[in-house]
Q: 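If you scroll down you'll find the structure; I have some questions about it.
In what follows, chains carry the letters A, B, and so on, assigned in the order in which the sequence lines appear, proteins first and then strands, with residues in each chain numbered from 1.
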Amino acid sequence: MSRTTFLNVDDTKAGMEDLDKEKINKLIQEASKNSKFFKQQQRREEENRRRIEVKLSKIKSFSTFQIEQAEKSADRYLNQLDKTRDLSRIFCHIDMDAFYASVEMRENPALQHVPMAVGGEGMLSTSNYLARQFGVRAAMPGFIARHLCPNLVIVPCDFNKYRVDSSKVMKIISEYDENYGSCGLDEAFADLTNHLQKRSTLSEEQRTFPKEENSTEIITFGITAEETVQEIRHRIYLATRITASAGMACNMRLAKLCSDINKPNGQYQLESNVNVILNFIRNLPIRKIKGIGKVTALHLESLQIQTVNDIYLKRGILKLIEYPSTFDFLMRVCNGCGSTTIEHDDLQKSIGHETTFNGTSDSLQLISLCRDLAKKTVDELISDRILCKRVTLKIKTVNFEILTRSKTLSSYTDSLNIITDKVITLLKHELDQDLELPALRLMGVRVSDLKMKSSDLPILQFFSKKSTTTTTTINENTHDIIEDIDDDDDDDDEGEEENLNEEFLSIENQYNEDCNSKLIHIDDENSNTSTTTCPVCQKMLLGDNDKINKHIDLCLNGEMIRTTIKEQDQQTSPQTNYNKRINLTQSKVTPPAKRQKRKFNTTPQQTNGIDNYFSKHI
DNA sequence: GCGGATCAC
DNA sequence: CATGGTGATCCGC
């Protein structure tokens, strides 16, 4: 087994079981060596190894007695978890096989017989199984992939295309569980319990589908879970010509692990029996578990933990050195516990945009970019009728160091001016406060602390009530061992946006006057006159370079930067602006459906009457 | 409240 | 030629 490092190929995906990992890792190292990215990964890894050393020495200081006590405490916790174990439901995790790649191969069959990946040269999103033979996989930059596989064909992403197929898939799944939850375009969970009960009453006809798209031959599926999922996968294939894999188990964590077992184009059902479950999960390498990434794996491996069973064996030490929440998570994992309710998040918590570019230190370019990102973000905010209270600037230096700077505003807003000002202030502060700051390669703007505009609040409250009440009632009797009961009651809503708009309108006007009087008076009779747009205030500038630069300098030094919404919108996107207005005036009746998201809770949420009489902890 | 770190997809 | 974008969460301070 190859050691976990930050650069080695991630071999935890399907289709990469028997590769020459030594050789692949060597090629990756060779191609990466000397890159700034590589150096940053090395720094990160060293930092983690240092932290691990600290942990290890802490462990040495524990007495045998302490560890034994911790182990007993862990056992008590595991026993309590056992009591909450719910084996009564049957979940299904559907996972489209190499989704983006499969769509592209369907569209262009010539791609079926060549190693191929979908993504940009910068980063691959996924690869087909032929390419995986070479070690080419998702989250690998194109140039490394070509190193591993010189004949690799790289196809650009086309998310609109994938969305069409995805919604076909989701629609089928919804017929088996209207409360299903999707996770990205290519994955979904469904709770089949209710469907399976109803299924026995379905006529044979209702379980019968054409064998092929336009064929008169038919195929009838039985009433078991196994056959139900075969039916789902068959229907997905009929609708999209793309295969899916599936896993079935009594909770979502296990179901997800099962969908990986017979991938691609296969399925696996895990018996809802405690011993079967424990045997299944405990043999798995820790990296297979969702929530255990490279860093966590590195830390656990330093404790000689490779498999889930090793987590169990080291439960005493883990209890002593890990955060309580991490310990809980690990205990649930090694006990085969997982969520048995599909949770849908009520409201998105942040919105943002970021972009990578060729490294630059040019303040003007950076500010201009920052403005664009803010605009893009605010556009989204406005069209979704959301207000924010916090803005965050993210930058990444050419050395791949990431910084974030954020600021909470005095009140909720969706004003382009306020948000742009704030984020540019943050950026300028970094630019001239940190003279050592290397050139940047990425910038991002994100807004958080979101809330719907007040006119939409009744709807919002309706949704959040719905989700919180169900979880609280379910959790009530197991309160002592189930963490994370949400109870945020957000209810202060005034019509503050109106006031704010007025306030800032006046500031804008003031600024515009300044601009007009002092800066825009640039000779236009000059022969080498050129026109350009000031990257700071967005005014059209006429004149020679000298005067333009002078204007820009003044603008840059201005303590506040103001522009008007009207001008910008009319210059850059009159159409969207029009649409937004429509949206604003008519959408009192439109629920904020777009922002209603589906999401899962990884903690088990239910207890039931099933008791386990025997102790399973080997 | 803010910033860093980790993770999933 | 030289390693992504979006969103969430947790922890420490």
Q: In the 5'-to-3' direction, what one-character label does each nucleotide of nucleotides 1-6 of chain C receive under the scheme B = base within less than 4.0 Å of a protein heavy atom, S = sugar-phosphate only, - = no such atom?
A: --BBSB

Q: Distance check needed: C/dC10 P versus A/Phe327 CZ, whole Å only.
A: 18 Å

Q: Residues two or more places apart in sequence or in another chain: which of them pass salt bridge (charged side-chain N to carboxylate O under 4.0 Å, His left out) with A/Arg233?
A: none

Q: Under 4.0 Å between any heavy atoms, over every strand shown, what does A/Lys389 touch: base, sugar-phosphate, or nothing? Just pick one.
A: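 No contact.
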
Q: Please measure how far the P atom in B/dA8 lies from the corresponding atom in C/dT3, and state the result in whole Å.
A: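 After rounding to an integer number of Å, I get 23 Å for this pair.
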
Q: How many whole angstroms separate atom CZ of A/Arg390 from atom P of C/dT9?
A: 13 Å

Q: Considering residues at least two apart in sequence or located in another chain, which fulfil the salt bridge (charged side-chain N to carboxylate O under 4.0 Å, His left out) criterion with A/Asp97?
A: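 Salt bridge (charged side-chain N to carboxylate O under 4.0 Å, His left out) list for A/Asp97, sorted by chain: A/Lys263.
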
Q: Just to be sure I understand the rule, does A/Arg44 reach a base, reach only the sugar-phosphate, or reach nothing, if contact means heavy atoms closer than 4.0 Å?
A: sugar-phosphate

Q: Of all residues at least two apart in sequence or in a different chain, which pass the ring pair (Phe, Tyr, Trp, His ring centres under 6.0 Å) check with A/Phe159?
A: A/Tyr100, A/Tyr162

Q: Closer to the 5' end of DNA chain B via nearest nucleotide, is it A/Lys256 or A/Glu47?
A: A/Glu47

Q: Scan A/Leu409 against the nucleic acid and name what it touches under 4.0 Å (heavy atoms): base, sugar-phosphate only, or nothing.
A: nothing

Q: Could you tell me how far apart A/Lys55 (NZ) and C/dC11 (P) are, to the nearest whole angstrom?
A: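 Computing the A/Lys55:NZ to C/dC11:P distance gives 12 Å.
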
Q: Can you give the first and last nucleotides of DNA chain B, 5' to 3', that have an atom under 4.0 Å from a heavy atom of chain A?
A: B/dG1 to B/dC9

Q: With sequence neighbours left out, what residues match A/Glu53 under side-chain hydrogen bond (donor to acceptor under 3.5 Å, both in side chains)?
A: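 Once residues adjacent in sequence are excluded, A/Glu53 has no partner under the side-chain hydrogen bond (donor to acceptor under 3.5 Å, both in side chains) criterion.
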
Q: Listed by chain and number, what are the salt bridge (charged side-chain N to carboxylate O under 4.0 Å, His left out) partners of A/Arg146, not counting sequence neighbours?
A: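 Listed in chain order: A/Glu121.
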
Q: Regarding A/Thr326, tell me which of base, sugar-phosphate or nothing describes its non-hydrogen contacts under 4.0 Å with the strands shown.
A: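 No contact.
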
Q: Between A/Glu380 and A/His353, is any side-chain donor less than 3.5 angstrom from a side-chain acceptor?
A: yes

Q: Quick one: which residue pairs count as a ring pair (Phe, Tyr, Trp, His ring centres under 6.0 Å) with a foot in residues 368-395 of chain A, not counting sequence neighbours?
A: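 Those involving residues 368-395 of chain A do not exist here.
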
Q: Could you work out, with side-chain hydrogen bond (donor to acceptor under 3.5 Å, both in side chains) as the rule, every residue matching A/Ser166, not counting sequence neighbours?
A: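 For A/Ser166 there are no side-chain hydrogen bond (donor to acceptor under 3.5 Å, both in side chains) partners, ignoring immediate neighbours.
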
Q: Sub-3.5 Å donor-acceptor pair from the side chain of A/Asn128 to the main-chain atoms of A/Ala101, do we have one?
A: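 No.
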
